[in-house]
Each structure stands twice: as structure tokens, then as C-alpha cells.
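Following: one structure in C-alpha cells, then a few remarks.
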Amino acid sequence: MTDRLAPARTAGVLAVLRAPSPESALDAAEAIIRGGIPGIEVTYSTPDAPAVIRELIRRHGDAAYIGAGTVTTAEQAEAATDAGAAFLVSPGTVPDLTRTMLETGRIVMTGALTPSEVMVALDLGVDVVKIFPASLGGPSYLGALRGPFPGAPLMPTGGVNPDNLADWFAAGAVAVGAGGDLANSASIADGDWADLESRAARFASALAAVRG
């Protein structure tokens, strides 16, 4: 049986990319990919996110894992799908929106924090439950969720950095989402692509260490 989550597991880290323009989003994504992190979540906080997704896929094809984040409307889900997004991420789990996301056939990741919210997401049939903001509980909280939900694919987002990456995976993460410590907003605003590439390299090194 094919593992639908194999590309996400392989990527390991998804860079949560928020940029002030499509151009800066592309430059930031390129820097992060050069640094060794091919998983890019282009959020709808970025202007014309579908165009960014489409262009990144044109440039990298299957060598990168490109999807859409901060999906909050059915229209956004459909536009990202049309652009070729491999996965769709929403910060929360709204039943009608989640069903629309699932209908696209793409990998669907929706947000939850409490056990009740995790149950709602799993009941709807999402592929991955995004634990957000994971910084509130840390790896120990993710580990605690594994008790009642031992088989649930959980992806912590928020508070993930190279120093604690191993702890998140040890706690049972299927993958992690990394925002400010990877796709740093100040570096994007300043056009400091070398810093983004360096940040990505540190994440890639930490991920390689986790995998031995």
C-alpha cells in the first residue's frame, strides 16, 4: 500500500513562508531550498500565493515539496490545487472547509491544539493534524497526545528550531513546520537570502542527525 505521507516524511521539515511580495517569496524559497530544506509551505499571507506555488513547481518539479498554507477559504483551497500544490494546510479545522480541502485529493493538514480538536480533525479524515501553536506545550505536549492518539500523524508547528528538532521527532512528529526560526520574516524583509540559506542548512543538518 502506498504511503500518501511519504513525501512529507521525506521532506521532514516544512518551511512556513510568509513574504510581503511574490518576488520575495520566490527568492526566500530558493534560498531555503539551496540550504537543504525542499519542503515549502507558501502561506496565503503572501500576495498571489498560487502564482508562487506554480513557479516553484515549474522550477523544481518533484525535487521540492511545495504546498499552500493559511488556507482559510474554499476558494483558496481550489486555487492552490489548480496551481499544483501537493498539500494544503489550514491553521484550524473548520468542517466545511476541511471537506472542500479533502475533495481536492491533495494531502490535507489542518490545525488543532486540544484533544477534542484533534478528534474533530481525525474524524473528518485529514491526512495530518497540525499541532499549532506547538510552542505552548513543547515536545512533551506532543508526546502526551500520542497517548490517546498513538497512530495519528501529528505535525507540530511553532517553536521548532534546530536545537529541539530531535525532541519533536522523538515525541512522535511525522514532520514539523518551521516558521520564524527558518523562514525568518526580518531576513525576508531585508532580502538577506544568505541568512535564510544558513538557517535552512542548520535545519538540514539537524534533520540528518535525527535520521542518523
Side-chain angles (χ1 to χ4, degrees), residues 5-46 49 51-70 84-87 89 107 109 128 130-135 138-139 142 153-212:
L5 295 183
R9 295 182 200 275
T10 299
V13 176
L14 301 183
V16 181
L17 180 58
R18 304 184 190 280
S21 69
E23 294 76 18
S24 61
L26 286 169
D27 286 339
E30 291 294 346
I32 292 167
I33 292 170
R34 281 196 305 273
I37 297 298
I40 307 291
E41 176 188 324
V42 182
T43 71
Y44 266 98
S45 306
T46 301
V52 175
I53 292 168
R54 186 177 288 108
E55 177 60 16
L56 287 173
I57 293 170
R58 186 191 70 79
R59 294 181 186 182
H60 297 280
D62 292 339
Y65 188 52
I66 310 297
T70 320
F87 59 91
V89 186
I107 294 295
M109 309 176 181
V128 174
K130 169 183 172 175
I131 304 302
F132 176 78
S135 56
L142 189 74
L154 305 179
M155 182 180 75
T157 302
V160 177
N161 60 56
D163 293 332
N164 65 22
L165 192 67
D167 296 332
W168 290 110
F169 281 103
V174 65
V176 301
D181 282 287
L182 178 51
N184 184 266
S185 58
S187 299
I188 294 172
D190 293 341
D192 191 348
W193 313 129
D195 180 64
L196 290 186
E197 186 172 346
S198 176
R199 289 171 180 271
R202 289 195 293 274
F203 267 90
S205 178
L207 183 60
V210 168
R211 292 173 169 172

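Side-chain atoms of Arg199 come within 3.5 Å of backbone N or O of Asp181 as a donor-acceptor pair. At distances below 3.5 Å, not a single donor-acceptor pair connects side-chain atoms of Ser24 with backbone N or O atoms of Ala19. The main-chain N or O of Ala186 is found under 3.5 Å from a side-chain atom of Asn184 such that the two form a donor-acceptor pair. The backbone N or O of Ala201 sits nowhere less than 3.5 Å from a side-chain atom of Ser205 that would complete a donor-acceptor pair. Side chain of Thr70 to backbone of Thr43: no donor-acceptor contact under 3.5 angstrom is found.
When all heavy atoms of Ala183 and Val16 are compared, the closest pair comes out as CB-O, 3.4 Å. What you find for Ser187 and Leu196 is that their closest heavy atoms are CB-CD2, 3.8 Å. The two residues Ile66 and Pro38 have their closest heavy-atom pair at CD1-O, 4.3 Å. Between Leu207 and Ala11, the shortest heavy-atom contact is CD2-O, 3.5 Å. The two atoms that bring Ala68 and Ala85 nearest to each other are N-CB, 4.1 Å, heavy atoms only. Nearest approach of Pro20 to Ile188, heavy atoms of both residues: CD-CG2, 3.8 Å.
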Run the side-chain contact (heavy atoms from CB on, under 4.5 Å) check on Leu26 and Glu55 step by step: do they pass?
-> CA-CA 8 Å; Leu26 286 169; Glu55 177 60 16; 3.8 Å; yes
Which is it for Thr157 and Met155 under the side-chain contact (heavy atoms from CB on, under 4.5 Å) test, yes or no, and what are the steps along the way?
-> CA-CA 6 Å; Thr157 302; Met155 182 180 75; 3.9 Å; yes
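Between atom CD of residue Glu23 and atom OG1 of residue Thr46 there is a gap of 11.5 Å, rounded to the nearest 0.5 Å. Arg211 CZ to Phe169 CZ: the interatomic distance, rounded to the nearest 0.5 Å, is 6.0 Å. Of the inter-residue distances, the one linking Phe87 atom CZ with Leu5 atom CG reads 12.0 Å to the nearest 0.5 angstrom. The distance from the OH atom of Tyr65 to the CD1 atom of Ile33 is 14.0 Å, given to the nearest 0.5 Å. Between the CZ atom of Phe203 and the CG atom of Asn161 there is a distance of 6.0 Å, given to the nearest 0.5 Å. Rounding to the nearest 0.5 angstrom, the gap separating the CH2 atom in Trp193 from the CD1 atom in Ile32 is 9.0 Å.
Contact annotation: the side chain of Val89 never approaches that of Tyr44 to less than 4.5 Å [non-hydrogen atoms, C-beta and beyond]. The shortest side-chain heavy-atom distance between Leu14 and Ile40 does not fall under the 4.5 Å cut-off.
Using a cut-off of 4.0 Å between Lys/Arg side-chain N and Asp/Glu carboxylate O, Glu30 and Arg34 are scored as not salt-bridged.
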